[in-house]
Engineer: 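Below is one structure. I have some questions about it.
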Amino acid sequence: VIFMKNKLLYQITEFDCVPICIINSLIYFYKREEIDVNILKYIWNFSLDLDNDGTSKNSIKKIINFLNNNLSKTKFEIKEQNEVNLVNIIKCFNNGVVILRTYLEDGHYILITNYNTKYILAFDPYKLSKESLNNYVKDSDKIYYNRKINYKRFIDSSKKNFSLGPLKERFAIFVSM
């Protein structure tokens, strides 16, 4: 199911993948006029708490708690470790999207919007050149995804780019209607 209301956003800095992914999840479900500016202020005020290293899990949890208390149409649920797996992610696509902590050299967040028989479809807020991708990750110019991630790469438990990564480090936010 595609809910898209507006175009998704790209990162402004090297470190703002978390707030951009959270805002992109709102863009995915809400019309422009439905997004209260105070929601956006809160997201920006409580993210990027690690200076040049992004946003901490504690700040993410504060933001998610705030969103759950202030948005009636969507539910945000944090999942960690063994709850972050391919089966649970695919189940979410019936009525939602997943903000996933993955890897792009270091920890990085992407918005997973759907899947098909070959790929996980994701919107990566970090612009990459086509040359920097490989056989496991393909570029796309679709409105709701810009990465097609091969299943073999996606389920990899190492810290390879665009993989789920080690079980003990897995972290995701399941967003649903």
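Computation of the quantities below employed the complete heavy-atom set of this structure, encompassing side-chain atoms and omitting hydrogens, waters and symmetry-equivalent molecules.
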Engineer: Can the positive tip of Lys73 be found less than 6.0 Å from the middle of the six-membered ring of Tyr30, inside 45° of the ring normal?
Structural biologist: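 Yes, Lys73 and Tyr30 form such a contact.
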Engineer: If the condition is ring pair (Phe, Tyr, Trp, His ring centres under 6.0 Å), which residues does Phe46 pass it with, not counting sequence neighbours?
Structural biologist: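 Only Tyr42 meet the ring pair (Phe, Tyr, Trp, His ring centres under 6.0 Å) criterion with Phe46.
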Engineer: Heavy atoms, side chains only, cut-off 4.5 Å: are Asp53 and Asp106 in contact?
Structural biologist: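 No; the side chains remain at least 4.5 Å from each other.
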Engineer: So does Glu169 pair up with Lys159, basic N to acidic O under 4.0 Å?
Structural biologist: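 Yes, this pair counts.
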Engineer: Give a yes or no on whether Tyr109 and Leu50 share a hydrophobic cluster (residues Ile, Leu, Val, Met, Phe, Trp, Tyr; joining criterion: side-chain heavy atoms under 4.5 Å apart).
Structural biologist: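 No, Tyr109 does not connect to Leu50 through the hydrophobic network.
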Engineer: Quick one: list whatever passes side-chain contact (heavy atoms from CB on, under 4.5 Å) with Thr117, sequence neighbours left out.
Structural biologist: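 Scan of Thr117 (side-chain contact (heavy atoms from CB on, under 4.5 Å), adjacent residues dropped) gives none.
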Engineer: Look at Glu80 together with Lys57 and state whether they make a salt bridge at an N to O cut-off of under 4.0 Å.
Structural biologist: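 Looking at Glu80 and Lys57, the cut-off is met.
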Engineer: So, for Tyr115 and Phe93, is the gap between ring centers shorter than 6.0 Å?
Structural biologist: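 Tyr115 vs Phe93: aromatic centres under 6.0 Å.
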Engineer: Looking at CD1 of Ile60 and CZ of Arg101, how far apart are the two atoms once the value is rounded to the nearest 0.5 Å?
Structural biologist: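 Ile60 CD1 to Arg101 CZ: 9.0 Å, rounded to 0.5 Å.
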Engineer: Using side-chain heavy atoms (C-beta onward) and a distance below 4.5 Å, is Ile22 in contact with Ile99?
Structural biologist: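 Heavy-atom side-chain distance check passes, below 4.5 Å.
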Engineer: A side-chain contact here means heavy atoms from C-beta on lying under 4.5 Å apart; do Ile78 and Lys61 qualify?
Structural biologist: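 Yes, their side chains come closer than 4.5 Å.
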Engineer: Using only atom types and a distance under 3.5 Å, with no angle test, would you say the side chain of Ser163 pairs donor to acceptor with the backbone of Phe154?
Structural biologist: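 A pair under 3.5 Å: no.
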Engineer: Has Asp16 got a side-chain atom pairing as donor or acceptor with Pro19's backbone, closer than 3.5 angstrom?
Structural biologist: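 No; zero donor-acceptor contacts below 3.5 Å.
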Engineer: To the nearest 0.5 angstrom, please state how far the CZ atom of Arg153 sits from the OG1 atom of Thr102.
Structural biologist: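 Here the rounded value is 9.0 Å.
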Engineer: Out of curiosity, Leu26 CG to Asp36 CG, how far, rounded to the nearest 0.5 Å?
Structural biologist: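 That separation rounds to 11.0 Å.
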Engineer: Around Glu105, counting heavy atoms of other residues, nucleotides and ligands shown, do more than 12 lie under 6.0 Å from its CD?
Structural biologist: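 No.
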Engineer: Looking at Ala122, is its backbone amide N or carbonyl O close enough to the side chain of Arg147 to form a donor-acceptor pair, meaning the two atoms are under 3.5 Å apart?
Structural biologist: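 Side chain of Arg147 to backbone of Ala122: no pair is present.
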Engineer: Any side-chain heavy-atom pair from Ile149 and Tyr119 closer than 4.5 angstrom?
Structural biologist: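 No - every pair of side-chain heavy atoms lies 4.5 Å or more apart.
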Engineer: Using ring pair (Phe, Tyr, Trp, His ring centres under 6.0 Å) as the criterion, list what pairs up with Phe123, not counting sequence neighbours.
Structural biologist: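 Tyr10.
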Engineer: Could you grab the distance from atom CD1 of Ile173 to atom OG of Ser25, nearest 0.5 Å is fine?
Structural biologist: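 Rounded to the nearest 0.5 Å, the CD1-OG separation comes to 7.5 Å.
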Engineer: Please tell me if the side chains of Phe66 and Ile63 come closer than 4.5 Å, counting only heavy atoms from C-beta onward.
Structural biologist: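 Sidechains of Ile63 and Phe66: no contact.
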Engineer: I need the minimum non-hydrogen distance between Asn82 and Leu167, along with the two atoms involved.
Structural biologist: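 Closest approach of Asn82 to Leu167, heavy atoms only: CA-CD1, 3.6 Å.
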Engineer: Is a donor on one side and an acceptor on the other found under 3.5 Å between the side chain of Asn146 and the backbone of Asp124?
Structural biologist: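 It does hold such a pair.
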Engineer: With heavy-atom distances below 4.5 Å as the criterion, would you say the side chains of Ile110 and Phe162 are in contact?
Structural biologist: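 Result yes, sub-4.5 Å side-chain heavy-atom pair found.
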Engineer: Given Leu67 and Val175, is the side chain to side chain contact (heavy atoms under 4.5 Å, CB included) satisfied, shown in steps?
Structural biologist: CA-CA 11 Å; Leu67 293 174; Val175 187; over 6 Å; no
Engineer: So do the side chains of His108 and Tyr103 get within less than 4.5 Å of each other, counting heavy atoms only?
Structural biologist: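 SC-SC contact between His108 and Tyr103 ruled out.
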Engineer: Sub-3.5 Å donor-acceptor pair from the side chain of Arg170 to the main-chain atoms of Asn85, do we have one?
Structural biologist: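 The answer is no, because no donor-acceptor pair under 3.5 Å joins these two groups.
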Engineer: Distance check, rounded to the nearest 0.5 Å: Cys92 atom SG versus Leu100 atom CG?
Structural biologist: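 Those atoms lie 11.5 Å apart.
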Engineer: Mind running side chain to side chain contact (heavy atoms under 4.5 Å, CB included) on Asn161 and Val137 for me, showing each step along the way?
Structural biologist: CA-CA 9 Å; Asn161 288 353; Val137 182; 5.8 Å; no
Engineer: Taking only residues two or more places apart in sequence, or in another chain, which ones meet Ser56 in a side chain to side chain donor-acceptor pair (under 3.5 Å)?
Structural biologist: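 Partners of Ser56 by the side chain to side chain donor-acceptor pair (under 3.5 Å) criterion, ordered by chain and then number, come out as Asp49, Ser59.
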Engineer: Treating Thr55 as the side-chain partner and Leu48 as the backbone partner, does any N or O pair qualify as donor plus acceptor under 3.5 Å?
Structural biologist: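 Such a contact is found between Thr55 side chain and Leu48 backbone.
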Engineer: Could you report the tightest heavy-atom contact between Tyr151 and Lys118, atom names first, then the distance?
Structural biologist: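 In terms of heavy atoms, the two residues are closest at CD1-O, 3.1 Å.
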Engineer: Going by ring pair (Phe, Tyr, Trp, His ring centres under 6.0 Å), name the residues that satisfy it together with Phe76, two or more places apart in sequence or in a different chain.
Structural biologist: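 For Phe76 there are no ring pair (Phe, Tyr, Trp, His ring centres under 6.0 Å) partners, ignoring immediate neighbours.
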Engineer: Starting from the C-alpha separation in whole Å, work towards a yes-or-no answer on side chain to side chain contact (heavy atoms under 4.5 Å, CB included) for Asn38 and Lys41.
Structural biologist: CA-CA 5 Å; Asn38 292 311; Lys41 284 181 189 176; 3.9 Å; yes
Engineer: For atom NZ of Lys79, decide whether the heavy atoms of other residues, nucleotides or ligands shown that lie under 6.0 angstrom number more than 12.
Structural biologist: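 Yes.
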Engineer: Assess the residue pair Ile39 and Asn70 against the criterion (side chain to side chain contact (heavy atoms under 4.5 Å, CB included)); give the C-alpha distance rounded to whole Å, side-chain angles, the decisive distance to 0.1 Å, and a yes or no.
Structural biologist: CA-CA 8 Å; Ile39 299 287; Asn70 289 279; 3.9 Å; yes
Engineer: Going by the rule side-chain contact (heavy atoms from CB on, under 4.5 Å), which residues pair with Asn52 if we only count those two or more places apart in sequence or in a different chain?
Structural biologist: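 With neighbours one apart ignored, the set is Phe15.
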Engineer: Quick one: CG on Leu111 to CG on Leu8, what's the gap to the nearest 0.5 Å?
Structural biologist: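 One gets 6.5 Å once the value is rounded to the nearest 0.5 Å.
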Engineer: Between Lys91 and Glu77, does any NZ, NE, NH1 or NH2 come within less than 4.0 Å of an OD or OE carboxylate oxygen?
Structural biologist: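 Looking at Glu77 and Lys91, the cut-off is not met.
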Engineer: Measuring only between side-chain heavy atoms, which start at C-beta, is Val97 closer than 4.5 Å to Tyr144?
Structural biologist: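 No, too far: nothing below the 4.5 Å cut-off.
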